[in-house]
There are 2 protein chains.
Amino acid sequence: MTDSNPNASLTAPSIPGDALPPVEQHAQQYATVRNAHETELIEDYVELIGDLLAHRGEARAADIANRMAVSQATVSKMIRRLNELELVTSKPYRSLFLTEAGQKMAETSRARHDIVLHFLRALGVRDATARIDAEGMEHHVSDETLAIMQRFTEQRQN
Amino acid sequence: MTDSNPNASLTAPSIPGDALPPVEQHAQQYATVRNAHETELIEDYVELIGDLLAHRGEARAADIANRMAVSQATVSKMIRRLNELELVTSKPYRSLFLTEAGQKMAETSRARHDIVLHFLRALGVRDATARIDAEGMEHHVSDETLAIMQRFTEQRQN
DNA sequence: CAATATTGTTAGCCAAGGCTAAACTGTTTG
DNA sequence: CAAACAGTTTAGCCTTGGCTAACAATATTG
């Protein structure tokens, strides 16, 4: 395995910047990201359903399709998955509702999202940009970083 | 369409927190994230290949597989794609190399990655966490935010 | 230099998350 | 109250990015 060559420093040209992390750590980074990808769409759906319920009193497939810019067929399929995962309850042709687990997930996602969004704004990012970035970033921010972001935002606001 | 109900404010319970963004903006957020997902794996491969070339002088499929914690078959398949996209050149059973376009992408990705990583460390996030978060976040940070992060880091270091 | 170990490729499988088109249900309205 | 429309579901397709198993090529070493 080329990668575990103990003499790497003897053969590799010395270049500026950080060295490669050890293989295990590096692998861990990618695995974590891959893992996040599996749950993030689910979380986005659940979060959006929660928001629609909170702001509108109901969550219809058509609304979700519009807001996600996705076809209704895609939403329908996704709802079946959310049902199997016991995150939402749905009767055909009726509004969706969240299960206990779904509500929990929605709250958590919403909280993360808000922390990241407020943090970005506190940093000085324009609102429209902050919203887009937050949407992408929220699933990749660890609890540790999240806590730091929150503290940062609070300090700026006082 | 429930969503464009002009009387929403009359029926929705008034709850704390931000209101839902207008449909178009909301859709834009999700579309941007979906779009990022399509390119991010590609970028990760290209970035890693660039790093391996820089630090080791060569980039072998086995190294990539190890560092990404993925099977060699997966890497092999991915390399075919990168070839089709003209980001890498490869001869069977030989080290990979980046095309012009590939080098450009690798540099850009590397730069983004470093800015995010250094920013997180400057914020006070522990190194191991910062690495994991940076790996996930880098593809979702706009140029605007990136510039702000960079300025922030520089200020902290002086 | 032949045998073995390592590395790379191919074939064929799977699940996820998109899509369109068509069928079905529920609601509104002429 | 029937017709038309809006909303939902189903069927069937596609691409991506994983996997394992089997095979092929190269490197290493006894």
Side-chain angles (χ1 to χ4, degrees), chain A residues 1-5 7 23 27 30-46 48-49 52 56 58-85 87-97 136 139, chain B residues 1-5 23 27 30-46 48-49 52 56 58-85 87-97 135-136 139:
Chain A
M1 195 194 302
T2 330
D3 212 7
S4 54
N5 173 10
N7 296 322
V23 194
Y30 288 111
T32 302
V33 174
R34 265 200 310 280
N35 209 57
H37 281 166
E38 282 176 27
T39 52
E40 82 186 77
L41 233 205
I42 303 279
E43 285 176 13
D44 282 343
Y45 272 87
V46 169
L48 177 53
I49 291 168
L52 287 169
R56 298 251 193 281
E58 62 172 12
R60 311 300 303 241
D63 297 346
I64 299 171
N66 283 328
R67 291 199 168 260
M68 292 226 170
V70 127
S71 76
Q72 288 195 0
T74 296
V75 172
S76 204
K77 199 193 263 192
M78 199 63 190
I79 289 170
R80 209 184 315 149
R81 279 201 69 208
L82 296 178
N83 243 304
E84 284 160 13
L85 296 171
L87 293 165
V88 312
T89 56
S90 66
K91 294 181 190 163
Y93 301 98
R94 287 284 124 80
S95 170
L96 298 167
F97 293 98
H139 307 283
Chain B
M1 193 194 302
T2 332
D3 212 7
S4 53
N5 172 11
V23 194
Y30 288 111
T32 302
V33 175
R34 263 200 312 279
N35 209 56
H37 281 165
E38 283 175 24
T39 53
E40 79 186 80
L41 232 206
I42 304 277
E43 286 176 11
D44 281 343
Y45 271 87
V46 169
L48 177 53
I49 291 168
L52 288 170
R56 297 250 193 280
E58 62 172 11
R60 311 300 302 242
D63 297 346
I64 299 172
N66 283 327
R67 291 199 168 261
M68 292 225 170
V70 126
S71 75
Q72 288 194 358
T74 297
V75 172
S76 205
K77 199 192 261 191
M78 200 63 189
I79 289 170
R80 209 183 315 149
R81 279 202 70 208
L82 296 179
N83 243 304
E84 284 161 13
L85 296 172
L87 292 166
V88 311
T89 57
S90 66
K91 294 181 189 163
Y93 301 97
R94 286 284 122 78
S95 170
L96 299 166
F97 293 98
E135 189 60 59
H139 307 284

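We name chains A, B, ... by the order of the sequence lines, and we start the count at 1 in each one. Quantities reported herein were computed from a predicted structural model and do not represent experimental measurements.
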Find the distance [X]:[atom1] to [N]:[atom2] and express it as a whole number of Å.
X	N	atom1	atom2	result
B:M78	C:dG8	CE	C1'	17 Å
A:K77	C:dC19	NZ	C1'	9 Å
A:L52	D:dG7	CG	C1'	15 Å
A:M68	C:dC19	CE	P	12 Å
A:E38	C:dA16	CD	P	9 Å
A:I79	C:dG17	CD1	P	14 Å
B:Q72	C:dG8	CD	P	6 Å
B:R81	D:dG18	CZ	P	11 Å

Side chain proximity check, [X] to [Y], heavy atoms < 4.5 angstrom:
X	Y	value
B:N83	B:V88	yes
A:I64	A:M78	no
B:L87	B:Y45	no
B:L82	B:L96	no
B:E135	B:D44	yes

Report yes or no: does A:R67 contribute a side-chain atom to a donor-acceptor pair with the main-chain N or O of A:L52 at less than 3.5 Å?
no
Kindly say whether A:R60 contributes a backbone atom to a donor-acceptor pair with the side chain of A:S95 at under 3.5 angstrom?
no
Reckon [X] has a side-chain N or O less than 4.0 Å from the OP1 or OP2 of [N]?
X	N	answer
B:T74	D:dG18	no
A:S71	C:dC19	yes
B:R34	C:dG17	no

Within residues 87-97 of chain A, residues whose heavy atoms come under 4.0 Å of DNA chain D
A:P92, A:Y93
Starting from the 5' end of DNA chain C, give me the residue, B:R80 or A:A73, whose nearest nucleotide shows up first.
B:R80
Give B:V70 one of three labels, base, sugar-phosphate or nothing, depending on what nucleic acid heavy atoms sit under 4.0 Å from its own.
sugar-phosphate
